[in-house]
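These notes are about the structure you will find just below.
The chain is numbered in sequence order, starting from 1. Counting convention: from 1, in listed order, for ligands and their atoms alike.
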Amino acid sequence: MIANKLQKLYGELPKEVTLVAVSKTKPIADLQDAYDAGQRVFGENKVQEMCTKWEQLPKEINWHFIGHLQRNKVKYLAPFVDLIHGVESFRLLKEINKQAQKNNRVIDVLLQFFIANEETKFGLSFEEAEAILSDENFKELQNVRICGVMGMASFSNNQEQIREEFKTLKSTFDKLKSTFFDNEKSFNVISMGMSGDYNIALEEGSTMIRVGSSIFGKRN
Ligand SMILES: *Cc1c(COP(=O)(O)O)cnc(C)c1O
């Protein structure tokens, strides 16, 4: 089942798009099935759960943290996380830098933007991101690398609204790229699109989709 879903997605997706298999709440056996089908990038949104799965599964897996990250938990992820999608404050960025330094590595992150029409979703405004990137102290953070942007569209049936929100994220990416990351090849990720809206996201320039229920089935 999981293998079939993945094969179908691999067939549909453009080569340059990264598929993050969102395995939150799912048992190890499901992740192992996905791994056996060739999947190497997994997304989790709880620190403890991600650490447990990391310990039990093959070390070739790339672990992406896609949830709301509390500063006091960064230390648990720092030894192994490959990409943190949801950075939305300078304080969190500083903590990630500090923990990355302790582990002698550079941690890749995405800035999360608020694009939805819902108060429950997290994220920066363009101005807030500008303030972080222009801050004198930002240059001192040698152990974090900002690789792009992430956003979640509204939970809605209105396809045009979702499309507009993704367009907003794409243009945010373009503006940041030309203003702050012009010469940096590594600033190249636009993480947008989930099971219900990844087709629209791909049409609007997504380079990374985060798909859970379409691979692993509904969550409780
Ligand atoms: C759960 C989650 C997803 C995947 O959602 P599906 O609708 O199951 O594909 C993607 N992104 C984030 C940030 C999530 O929390």
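- Listed by chain and number, the residues in a side-chain contact (heavy atoms from CB on, under 4.5 Å) with T172 are F113, F126, T168, L176 (sequence neighbours excluded).
- Partner of T18 under the side chain to side chain contact (heavy atoms under 4.5 Å, CB included) criterion, chosen from M208, R210, R40: M208.
- With S23 as reference, E44 is the one residue of E44, E49, K53, Q39 to meet the side chain to side chain donor-acceptor pair (under 3.5 Å) rule.
- Y198 and E203 share no side-chain donor-acceptor pair at under 3.5 Å.
- Between the side chains of T52 and Q56, not a single donor N or O lies within less than 3.5 Å of an accepting N or O.
- The 4.0 Å heavy-atom shell around ligand 1 contains residues V22, K24, I66, M150, M152, M194, S195, R210, V211, G212, S213, R219, ordered by chain and number.
- Applying the side chain to side chain contact (heavy atoms under 4.5 Å, CB included) test between I209 and each of V20, L13, D197, V22 identifies L13 as the sole match.
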